[in-house]
Amino acid sequence: MDEKYFPEQIEEKWQLRWAQDGAFEANDDDPRPKFYALEMLPYPSGFLHMGHVRNYSIGDALAWYKRLRGFNVLHPIGWDSFGQPAEQAAIKRGIQPRDWTEENIAHMRGQLQRLGVSYDWRREIAAHRPDYYKWDQWFFLKMFERDLAYKRTSAVNWCPNEETVLSNEQSSGGICWRCGTPVVKKELEQWFLRITRYAEELVSDIKEIEDGWPEKVLKRQRDWVGRSEGAYIDFAVKDHDDKVRVFTTRIDTIFGATAIVLSAEHPLLPKLLAGSSLKDDVVRFAAKIEGARAIKAQDAAEAEEKLGMNTGLLAVNPFNGELMPVWVANYVLMDYGAGAVMSVPAHDERDFEFACKYTLPIRQVIAPIVHGPQGESADIVPGTAQSMDVKIAFTEYGELVNSGDWSGKLSHHAMREMADYAAEKNFGGPAVTYRIRDWGISRQRFWGAPIPIVYCGVCGTVPVPEKDLPVRLPDNAEFTGTGESPLKSVPEFVNTTCPKCGRPATRETDTMDTFVDSSWYFFRYTDPRNEAMPFDPAIAAKWTPVDQYIGGDSHAVMHLIYTRFWNKVMRDLGLVKANEPVKRLLTQGMVTNRVEGTNEWKAMSKSLGNGVDPDEMIKAYGADATRMFVLFAAPPENELRWSEAGIEGAVRFLRRVWTMVYRRREAFDDRRATPAAKLSADEFSDAARALRRKTHQTIARVTDDFEKLDLNTNVAALMELLNALGEFSVEPAAASPADAFAAREAIEALVVMLAPFSPHVAEEMWESLGHEGGLLKTTEVWPVADPELARKEELEIPVQVNGKLRSRVIVAPDITEADLRTIALADSKVQSFIDGHEVVKVIVVPQRLVNVVVK
RNA sequence: GCGAAAGUGGCGGAAUUGGCAGACGCGCCAGACUUAGGAUCUGGUACCGAAAGGUGUGGGGGUUCGAGUCCCCCCUUUCGCACCA
């Protein structure tokens, strides 16, 4: 052991040693309890950034902690290596995506290894390799068989910048998730995965994970699925056989409906208007709305002005036979509910606004329930029929008025009864709708898994047989960036024969969304080289579900909802048993840095020039200090503000630990290191007992905080223990066996507990303390706290007078309440504050505090 | 506009969940060692006050012996959602 701490030497030494020993390799047949620690796999952009460092430092700390506590830990890594940037590089610089990607992976793998993250590298996977994407295609075929994958033409989200389609999740808020460009609508024939079939489960199974997932992520998922209970109602149209179906959550307001409003894209519209003199006008109007919607940049768009047009058609209210006009309007969306609504202006804000603009009647049918002064009787505000005086829509529940036989009922009862009535009379019934749409996975891209479909002039759409998988990407393609898949211009790829009839046929040239790759990758880690299946269900069952998943919350409704969906599909295919793939989720905060010349903290990025290169930090301060700082600087879920001064503090701490070990090490030879069992309690000096107390308190605290992933306070606890060691002033040479024992106990505990944060230096110090074979050689080196030793010998109890701190008294921990009270009252400082006052009450909180109330 | 979360020293953040506010670190101040210090070590550091003491967890009210923590109103910030019938 050198006198001084030289990170680069010991980090290299231990990285080599770990690799040689296979220290982090997880084996299926290991009898110890398993723990699956997982971090979101990176996109191989070429360079690790601080967000990665944070993500992997958190995961690695947990993986180390669990190993040191005797778990068989699976901690893998891989590459989300399909996707846009590789193609962008190809267009810009003429490099083939495959070469670019492989180079980036090689470089980033080196960076991760220099950071010393404890991965089982044997399990590394990369999405762009045929042995991986073969299974994307295999899953696609399974879904195709089960009608979970299908093709249809629809208006899709199109990013004009990247010239490709985006899923709904990827264009949330109307902007491209990757580049922020406003998304436009485009009619395209696309492949979809039927995630809607699992909509109900995606909501209801949240109960299985709600203890382990952040509430904000679950909320976003719930909102995204958008489960809504209500009813369908079919409105007959006068002089037509077709009925217009409407979805409403407020069937109790149906007597207030004064129009039926259809979406411009409503499929029934052309048929209903056939022969109508208004047909051309309506068609033109609908086209205008659709056109406006296509170019609409939704980001800044405040609710657009409502536009509508009367179709001249009349619908019949099935509850009272009343006729009402049928309109077309831009505020009704085709892809939600039934694409048509009943307009109830008195009780819906949007309908109200619409009715005001086009002077449709507004009829109140719900009266607020006002509790009388005694709260015993409900006063109903009488309804004003056909009134235009109403200023705002009353959207609350209440009591029905002007509603025929239903008048007098409460909304809640009426909603249920009216829906049942509709079902009974065969014009509707209770219904549940979801906001979530099927997942569009077609991408007009080269660098993705080809969709394994062949189009035959005779047989139509034919799935590629399983035995022919993978459908390989060609080695080369022309990259022009024109918005068509580059695969289209590769004849060797496109031209094939029909698997069914053998005649010439063409391949599907769209590739899959890269979120397909990441939906199931962590199952592949459990059995990464399986050539017969995506993974062996028996092996996967040993490791999954993931015990702790760590990553950014930017994927709350993309990756994290897709992977839940995929898990359910795999369950139905018999591949997995659990309903949910991830037990606990931690969403880490962003890493920010000051933008030069401003006072703003923003996420590190190349364009802002505020990025920090992890390699430079490792070079300057070492991987151990870099990792420690990142974990110490803020709680994992908070934003982390970068500070170079902070990382220096981390080095300083590691150096002080190092020096402490160096100084004390000599005294730890066999002669002096007497086992605790041979030492009687009274051999320990006061200082030694105090040190042991701190040691055992720290062990308890750190162990506890690890379970909660409170990593920043954990580091603080280790710093406190070091400070306590510093205060333990017994010189190593002069130490009694008991003193030496106490010091050794403290130092060894400190070194072991340091390993999750700064593993290299911890290993080196552990070895210097005379242990061979590394920290993971022996199982369960993690220290165990002895509550007896952690207990305080005396307590300092604060004494308040009227709630203000006035004094402190030192007492034994087991003092009786009565004695504590007596001692507190006898204290001279306390006396000076109660003198001349009457003591009204004395509150004694055992072990905690005394409060004297005086008048 | 709607919804959620959060506001604690100069800064990042602690506070056993109603019981000593500010752990730990950064920064800063003073001192020691030093040819030197952007190294290291020691001490100090919420605010006002010479002290006694007083005041302090975004602001205002409340509950309580006692509130950073619970309740009500307001302000600010951040993040989600944006015609979802």
Side-chain angles (χ1 to χ4, degrees), chain A residues 4 172-174 214-217 219-220 223-224 226-228 230-231 246-251 253 261 263 298-306 329-333 335-344 347-351 353-354 395 433-437 553 556-557 589 601 628-629 632-635 637-650 652-653 655-656 659 697 700-701 704 710 712-723 726 796-808 832 840-854:
Chain A
K4 287 206 172 121
S172 170
E215 182 47 41
K216 63 177 174 173
V217 172
K219 184 185 183 300
R220 286 191 61 190
D223 290 350
W224 192 261
R227 186 181 193 277
S228 178
V246 151
F247 176 73
T248 178
T249 54
R250 290 300 302 273
I251 192 172
T253 64
V261 187
S263 152
Q298 285 184 348
D299 54 345
E302 284 300 306
E304 239 178 326
E305 201 194 349
K306 291 186 172 41
N330 63 344
Y331 77 97
V332 178
L333 308 171
D335 58 3
Y336 182 79
V341 302
M342 61 180 201
S343 177
V344 186
H347 304 291
D348 181 282
E349 277 162 22
R350 296 150 303 183
D351 295 340
E353 193 190 326
F354 189 69
T395 58
T433 61
Y434 301 89
R435 195 185 83 127
I436 192 171
R437 303 269 68 90
D553 68 356
V557 293
W601 292 82
M628 161 149 291
F629 168 68
F632 175 61
E637 50 287 327
N638 280 26
E639 171 188 336
L640 190 162
R641 297 188 163 190
W642 187 255
S643 149
E644 190 117 1
I647 198 169
E648 284 169 21
R652 206 144 47 215
F653 169 64
R655 243 189 325 244
R656 287 173 61 213
T659 306
Q697 283 170 350
R701 194 173 144 191
D704 196 46
D710 282 346
N712 56 320
T713 52
N714 244 341
V715 178
L718 296 180
M719 288 172 169
E720 282 185 48
L721 181 56
L722 177 68
N723 291 344
E796 197 185 50
I797 304 287
V799 184
Q800 301 177 333
V801 177
N802 283 349
K804 288 190 176 169
L805 179 67
R806 294 304 182 186
S807 184
R808 296 172 220 267
S832 70
V840 182
K841 197 168 168 188
V842 181
I843 285 124
V844 180
V845 185
Q847 316 260 314
R848 278 277 167 80
L849 154 145
V850 178
N851 187 12
V852 184
V853 185
V854 300

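Worth knowing before you read on, the calculation uses all heavy atoms, side chains too, and leaves out hydrogens, waters and symmetry mates. Convention: sequence-line order gives letters A, B, ...; per-chain numbering from 1.
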* To do: State, without any angle test, whether Tyr434(A) and Ser228(A) hold a side-chain donor-acceptor pair at a distance under 3.5 Å.
  => no

* Any chance the side chains of Asn723(A) and Arg656(A) put a donor and an acceptor closer than 3.5 Å? -> yes

* Determine, for Asp553(A) against Lys216(A), whether the closest basic-nitrogen to carboxylate-oxygen distance falls under 4.0 angstrom. => yes

Please measure how far the [atom1] atom in [N] lies from the corresponding atom in [M], and state the result in whole Å.
N       : M       : atom1 : answer
rG22(B) : rC28(B) : P     : 24 Å
rG38(B) : rC26(B) : C1'   : 15 Å
rC24(B) : rU45(B) : P     : 12 Å
rC79(B) : rC65(B) : C1'   : 40 Å
rA30(B) : rA14(B) : C1'   : 27 Å
rC29(B) : rA46(B) : P     : 16 Å
rG68(B) : rA6(B)  : C1'   : 13 Å
rG60(B) : rA51(B) : C1'   : 34 Å

Mind checking what makes salt bridge (Lys or Arg N to Asp or Glu O under 4.0 Å) contact with [X], not counting sequence neighbours?
X         : value
Asp351(A) : none
Glu215(A) : Arg222(A)
Asp223(A) : Lys219(A)

* Look only at the side chain of Asn330(A) and the backbone of Glu305(A), and say whether a donor-acceptor pair between them is shorter than 3.5 Å. => yes

* Any donor-acceptor pair under 3.5 Å from Arg437(A) side chain to Arg435(A) backbone -> yes

* Any side-chain heavy atom of Leu333(A) within less than 4.5 Å of one from Ser263(A)? -> no

Nearest whole angstrom, please: distance from the [atom2] of [N] to the [atom1] of [X].
X         : N       : atom1 : atom2 : result
Phe629(A) : rC11(B) : CZ    : P     : 16 Å
Asn714(A) : rA14(B) : CG    : C1'   : 13 Å
Trp224(A) : rA82(B) : CH2   : C1'   : 11 Å
Glu639(A) : rC11(B) : CD    : P     : 15 Å
Asp223(A) : rA82(B) : CG    : P     : 9 Å
Arg641(A) : rG13(B) : CZ    : C1'   : 12 Å
Ile647(A) : rC11(B) : CD1   : C1'   : 17 Å
Leu640(A) : rG12(B) : CG    : C1'   : 9 Å

If you look at every heavy atom in [X] and [Y], which pair is closest and at what distance?
X         : Y         : value
Met342(A) : Val246(A) : N-CG1, 3.5 Å
Ala556(A) : Arg220(A) : CB-NH1, 3.8 Å
Thr433(A) : Gly337(A) : CG2-CA, 4.2 Å

* Asked: Can you name the side chain to side chain contact (heavy atoms under 4.5 Å, CB included) partners of Ala231(A), sequence neighbours left out?
  -> Ile251(A), Ala419(A)

* To do: Mind checking side chain to side chain contact (heavy atoms under 4.5 Å, CB included) for Val854(A) and listing every partner two or more places apart, or none if nothing turns up?
  => Val801(A), Asn802(A), Ile834(A), His837(A), Val839(A), Val852(A)

* How should the glycosidic conformation of rU8(B) be described, syn or anti, under the criterion that syn lies within 90° of 0? -> anti

* Is rG9(B) syn or is it anti, if syn means the base angle is within 90 degrees of 0? -> syn

* **Geometric cation-pi criterion, Lys306(A) with Phe354(A): 6.0 Å, 45°** => no

* Taking side chain to side chain donor-acceptor pair (under 3.5 Å) as the test, write out the residues that go with Asn638(A), two or more places apart. => none

Dump the pairs, protein N or O against N or O of nucleotides 62-68 of chain B, anything under 3.5 Å, distances to one decimal.
residue : atom : partner   : partner atom : Å
rC65(B) : O2'  : Asn851(A) : ND2          : 3.3
rC65(B) : O2   : Asn851(A) : ND2          : 2.7

* Report yes if at least one side-chain N or O of Arg220(A) is closer than 4.0 Å to OP1 or OP2 of rC81(B); otherwise report no. => yes

Pairs under 3.5 angstrom, nitrogen or oxygen only, protein versus nucleotides 3-6 of chain B, please.
none

* Using both pair distances under 3.5 Å as the test, note the stems of at least 3 consecutive Watson-Crick or G-U pairs that include RNA chain B. => B:1-7 with B:75-81, B:10-12 with B:24-26, B:27-32 with B:40-45, B:46-48 with B:53-55, B:58-62 with B:70-74

* Asked: Reckon Asn638(A) touches a base, only the sugar-phosphate, or nothing at all at heavy-atom distances under 4.0 Å?
  -> sugar-phosphate

* So what does Glu796(A) hit on the nucleic acid, given a heavy-atom distance under 4.0 Å: a base, only sugar-phosphate, or nothing? -> base

For nucleotides 53-58 of chain B, list the nitrogen or oxygen atoms of the protein found under 3.5 Å from its nitrogen or oxygen atoms, one pair per line.
residue : atom : partner   : partner atom : Å
rG54(B) : OP1  : Arg806(A) : NH1          : 3.2
rG54(B) : OP1  : Arg806(A) : NH2          : 2.9
rG54(B) : OP2  : Arg806(A) : NH1          : 2.9
rU55(B) : OP2  : Lys804(A) : NZ           : 3.2

* To do: Would you please name every residue forming a ring pair (Phe, Tyr, Trp, His ring centres under 6.0 Å) with Phe247(A), sequence neighbours left out?
  => Tyr232(A)

* Structure fact -> Given protein heavy atoms under 4.0 Å, the one-letter contact record of nucleotides 23-41 of chain B, with B base, S sugar-phosphate only and - none, is simply BBSSS------------SS

* What's the spacing between Asp348(A) CG and Thr395(A) OG1 if we round to 0.5 Å? -> 8.0 Å

